[in-house]
Undergrad: 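Dropping the structure in here first, questions after.
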There are 2 protein chains.
Amino acid sequence: MTQEAVKPVRPVRPARPVRSPAVSRRAVLDAATRLVEEQGVAGLSMRKLAAELGVAVTSIYWHVGNREALLDELVQEMVHGLETLAAAGSGPVARVLSLATGLRRVLRGHPHLIGLVNERGLTPAMFLPSQRALAAEVAAAGLGGTRAAEAVRAVQYHVIGFVLVERHTDRSPEQHPTAEELWLAEPAADTVLAGAFATPVDSDRLFTVSTEALVRSLLEGPFPAFELT
Amino acid sequence: MTQEAVKPVRPVRPARPVRSPAVSRRAVLDAATRLVEEQGVAGLSMRKLAAELGVAVTSIYWHVGNREALLDELVQEMVHGLETLAAAGSGPVARVLSLATGLRRVLRGHPHLIGLVNERGLTPAMFLPSQRALAAEVAAAGLGGTRAAEAVRAVQYHVIGFVLVERHTDRSPEQHPTAEELWLAEPAADTVLAGAFATPVDSDRLFTVSTEALVRSLLEGPFPAFELT
DNA sequence: ACCTGAACACCGTTCAAGT
DNA sequence: ACCTGAACACCGTTCAAGT
């Protein structure tokens, strides 16, 4: 109590924060990110978030506004954290394929991103870098103008669509009846073909095969549809 | 009151239905179908349904069990009502393309069906008819076994994926910034290319071009990836 | 600056009770 | 057989009030 003899040192703690905040905006964002990754966008609830952080629901609102604003922020962080793709390999086909593969990998890493970005009107902005990279390779292959733009968009639709189908497959329950069961139940069916369809889909291989077929045809083949214009 | 003189005729109304039911199972299903078409699956609420039919919420439960069972029934009706596809045209490429176009048209007519069917594990069953039709054409083109199955799956993934991307586009708000704005803002960009990308996507044409490129390559082209196995 | 509970308008679902 | 209201456990959000 009688400490006047000792010159008081500058207090270690600054004067302002009398008590430290129970949660931070950062903590809310991190918890929300985890919830979305584990349970999907629908699994993100303000009340779950509050319970997980040991705080009243209304505190969450003070830090991030509301659920929509919270999702906006998550989307912004995700998009900002996306790696920029660079083509690799030699020859236009190989280089376009490397971009397609990279785009698929990035999108698979953030399964909810496509929908969230699209709802917020950010789709063109998000895909601009990959679109530019693809356009450069397509131009190097000798395509120009409308035809180049169409080839780029065809690859983009193909890759994004493939990832969306994969996402459906990933989060689907056991399908019943199985394609295998259906094909083996066919009485008059080609048994070789039935056997081939009974094999589960190897999606990596299917992506490679289909994308290569598409890209080769777009860059090298004749295009009757193009000539119509 | 004194009617004993007159032999009572058989009453017109049967004795059982003292009062007619307020709603029928059929009416619930129809109202639910309309709600889903107008507001999406998330817009289907048991309470909205009840309000629309002028009945207590719990009546809905008596007729259809619960929300999940109601959706099950809707899915079953939708799948049952799907037209079966038939190939048209001459030559394998044209016939496969006609199947792809038909599949896209059917799927676009029921935008929520893919997700609902998949959640219920009915995806293989739903796509079996189109898969069989595609397989027949691919076999006619000379492919067999694994290679035929892979070609069929490539087309299926492409078409379904394309429709999923289109669905995103359809239900997206105004995108901002636009692809047009982004490309025109590029200082060092190829102005011809920028102009091409500034044009809005013609999705019918894009579907035709990309699908034809894919199918041609799958049925006619050389496939390095196939040789690896 | 940061947190709280109360309150409101929505959900899906169950239950006991009516006719 | 068919419908009802009450009740429960969930939502997102706003507000006035605390410190």
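Every chain is numbered from 1, with letters handed out A, B, ... down the list of sequences.
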Undergrad: Nearest of C:dC3, D:dC3, C:dG12 to any side-chain atom of A:Ser59?
TA: C:dC3

Undergrad: So B:Arg25 and B:Glu73, do their side chains get closer than 4.5 Å, heavy atoms only?
TA: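 They are in contact (side-chain heavy atoms under 4.5 Å apart), so the answer is yes.
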
Undergrad: Does any part of the side chain of B:Phe207, heavy atoms only, come nearer than 4.5 Å to the side chain of B:Thr101, both counted from C-beta?
TA: yes

Undergrad: C:dT14 P sits how many Å from B:Ile60 CD1, rounded?
TA: 15 Å

Undergrad: In whole Å, what is the span from the CE atom of B:Met46 to the C1' atom of D:dC11?
TA: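 Spelled out: CE on B:Met46 to C1' on D:dC11 is 17 Å.
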
Undergrad: Quickly work out the B:Trp62 CH2 to C:dC15 P distance and round it to whole Å.
TA: 17 Å

Undergrad: Compare the minimum distances between each of C:dT13, D:dC11, C:dA1 and the side chain of B:Arg67, then state the nucleotide with the smallest one.
TA: C:dT13

Undergrad: With a 3.5 Å cut-off and heavy atoms only, can you find an N or O donor on one side and an acceptor on the other between the side chain of A:Thr58 and the base of C:dG5?
TA: yes

Undergrad: Can you tell if the side chain of B:Leu206 reaches within under 4.5 Å of the side chain of B:Phe162, non-hydrogen atoms only?
TA: yes

Undergrad: Considering only D:dT4, C:dT13, D:dT13, which nucleotide approaches the side chain of B:Tyr61 most closely?
TA: C:dT13

Undergrad: For B:Leu53 and D:dT4, give me the distance from atom CG to atom P, rounded to whole Å.
TA: 11 Å

Undergrad: Choosing from C:dT4, D:dG12, C:dC2, which nucleotide comes nearest the side chain of A:His63?
TA: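 My answer, after comparing the listed nucleotides, is C:dC2.
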
Undergrad: When you measure from the side chain of A:Lys48, which nucleotide among D:dG5, D:dC2, D:dC11 comes out closest?
TA: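 In terms of side-chain proximity for A:Lys48, the closest of D:dG5, D:dC2, D:dC11 is D:dC11.
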
Undergrad: The side chain of B:Asn66 lies closest to which of these nucleotides: C:dC11, C:dT13, C:dC3?
TA: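 Between C:dC11, C:dT13, C:dC3, the one nearest the side chain of B:Asn66 would be C:dT13.
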
Undergrad: Starting at CG of A:Leu71 and ending at C1' of D:dG12, how long is that distance when rounded to a whole Å?
TA: 12 Å

Undergrad: Should we say atom CD of A:Gln76 is surrounded by more than 12 heavy atoms from elsewhere, each under 6.0 Å from it?
TA: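 Count not over threshold, so no.
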
